[in-house]
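Data block below; observations after.
Residue numbers run from 1 in the order of the sequence given.
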Amino acid sequence: MQSTFTLRKDELNMDFLKGLKKMFSGKTLNITVSDNKTDEQDETEYLLSNPANKQMFLDGIAAIEKGDVTKVKLETL
């Protein structure tokens, strides 16, 4: 099993560690810690920094504003 957690340093507390211990009970863990470069910009800014993503978002917003949407029932997915 593999999990990725993104959290602020103040969220790294005993409750988090207890949760990890429970989640991976009886397993050997590899833990890698790195700073998240995207902390400097929010997720929207990060996604919009790519021109293709930005155009996709702008096209989607324009379609919604025109009422050009398709409703899909969750059960059909």
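A continuous path of Ile, Leu, Val, Met, Phe, Trp and Tyr side chains, each step under 4.5 Å between heavy atoms, connects Leu29 with Leu7, placing both in one hydrophobic cluster. Tracing side-chain contacts under 4.5 Å through hydrophobic residues (I, L, V, M, F, W, Y), one reaches Phe5 starting from Met14; they form part of the same cluster.
More than 12 heavy atoms of other residues, nucleotides or ligands shown are found within 6.0 angstrom of CG on Asp10.
Residues that satisfy the side chain to side chain donor-acceptor pair (under 3.5 Å) test with Asp15, not counting sequence neighbours, are absent from this structure.
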Let me have the donor-acceptor pairs involving side chains of residues 50-62, under 3.5 Å, with sequence neighbours excluded, atom names and distances please.
residue	atom	partner	partner atom	Å
Asn50	OD1	Ala52	N	2.8
Asn50	OD1	Asn53	N	3.1
Gln55	NE2	Asp59	OD1	2.7

Under 3.5 Å, which donor-acceptor pairs link side chains of residues 69-77 to any protein atom two or more places apart or in another chain?
residue	atom	partner	partner atom	Å
Thr76	OG1	Lys73	O	2.6

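Across all their heavy atoms, Leu12 and Leu17 have their closest contact at CD1-CD2, 4.5 Å. Nearest heavy-atom pair across Glu11 and Phe16 is O-CB, 3.8 Å.
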